[in-house]
Amino acid sequence: MNVIICPGMHEIELTKSFVSGLSDFNSDIFSCWSSVKILIYLGNNLKTLSAFHILNFLFEKIEDMKSPIIFIAFSAGVVGGLQAAYLWQFLGGRVKAFIAIDGWGVPLFGNFPIHTISHDYFTHQSLLRIRGGNNNFYAQPAVEHLEIWRSPQSVRGWWVNPNLTTKSTKTYLTVSEFLHMLLKHYEKISPENQLGKRE
């Protein structure tokens, strides 16, 4: 399985901090899965929005289009990342899930599971009104937009609807923990049994 990270329009140090923050949460967060490959798209400026450039990056890095991909995109990177996910799937690739971090204003629809991570409750609610869905996250207390990308290991909040078969609808955890949970889930499941799969 491949995980592609699509940053927004910001300094590269923030993306390095994001990846480091995931590792700080658990040193084995990625290395425990020998089958997982982490790819970081570092297009700058308008290339962040370009599905064409992201798609070219995928063709350069991924040998087998049938190898499943999870996208993690932030801010403006959600625009290019989501379009690239559509195109990758259209061309015969497998998209297991798309995780949009603070992608406010982007129509988040697709025939693959989409999860959102928001820096505050207002953004979370706004996205729910647009697309609905479950297994999303919002920071509580609210943080600045860039903070959720800079420090996923320390931003805490609510995972909404973690298990629709129980009475519990929210769990308090960090962004890193939420992402770790999603990635572990998708690494081990078959396409027929996806968390948050759209009907």
As an exercise, state the distance from [atom1] of [X] to [atom2] of [Y], rounded to the nearest 0.5 Å.
X      : Y      : atom1 : atom2 : answer
Ser20  : Leu14  : OG    : CG    : 12.0 Å
Asn56  : Ser50  : CG    : OG    : 8.0 Å
Met181 : Thr171 : CE    : OG1   : 8.5 Å
Ser75  : Leu146 : OG    : CG    : 7.5 Å

Taking side chain as C-beta onward, heavy atoms only, is [X] less than 4.5 Å from [Y]?
X      : Y      : value
Pro68  : Tyr186 : no
Asn111 : Gln89  : yes
Ile4   : Leu58  : yes
Leu39  : Ile5   : no
Phe112 : Ile69  : no
Val3   : Ile72  : yes
Gln153 : Thr174 : no
Ile12  : Leu42  : yes

Above 12 or not: heavy atoms from other molecules or residues under 6.0 Å from [atom1] of [X]?
X     : atom1 : answer
Leu46 : CG    : no
Tyr86 : OH    : yes
Glu63 : CD    : no

Verify the ring-centre separation between His115 and Phe71: is it less than 6.0 angstrom?
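When the ring centroids of Phe71 and His115 are compared, they turn out to be at least 6.0 Å apart.
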
Phe59 ring center near Trp88 ring center (under 6.0 Å)
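Yes: the rings meet the under 6.0 Å criterion.
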
Ile54-Phe90 co-clustered via ILVMFWY side chain contacts under 4.5 Å:
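Linked, Ile54 and Phe90 end up in one cluster.
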
Phe98-Leu91 co-clustered via ILVMFWY side chain contacts under 4.5 Å
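Hydrophobic grouping puts Phe98 with Leu91.
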
Could you pull out all residues at least two apart from Ala51 that satisfy side-chain contact (heavy atoms from CB on, under 4.5 Å)?
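With neighbours one apart ignored, the set is Gln83, Ala84, Leu87.
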
Check the side chains of Thr15 and Trp149 for a donor-acceptor pair under 3.5 angstrom, ignoring hydrogens and angles.
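Judged by distance alone, the side chains do pair up.
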
Give a yes-or-no answer on whether the side chains of Ser67 and Asn2 include a donor-acceptor pair shorter than 3.5 Å.
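Side-chain D/A pair, Ser67 to Asn2: present.
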
For Ile99, which of Ile70, Ile114, Val78 qualifies under side-chain contact (heavy atoms from CB on, under 4.5 Å)?
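Testing each of Ile70, Ile114, Val78 against Ile99, the sole residue satisfying side-chain contact (heavy atoms from CB on, under 4.5 Å) is Ile70.
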
So among Thr116, Val160, Leu182, Leu173, which one has a side-chain contact (heavy atoms from CB on, under 4.5 Å) with Phe137?
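The side-chain contact (heavy atoms from CB on, under 4.5 Å) with Phe137 is passed solely by Leu173 among Thr116, Val160, Leu182, Leu173.
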
Shortest non-hydrogen contact from Met9 to Asn45?
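Reported closest heavy-atom pair: CE-O, 3.3 Å.
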
Shortest non-hydrogen contact between Ser176 and Gly21, atoms and distance
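Closest approach of Ser176 to Gly21: OG-O, 3.4 Å.
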
Looking at Arg150 and Glu147, is any side-chain nitrogen of the basic one under 4.0 Å from a carboxylate oxygen of the acidic one?
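Salt bridge flag = yes for Arg150 with Glu147.
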
Only counting residues at least two apart or in another chain, list the ones meeting side-chain hydrogen bond (donor to acceptor under 3.5 Å, both in side chains) with Tyr138.
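With neighbours one apart ignored, the set is Lys170.
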
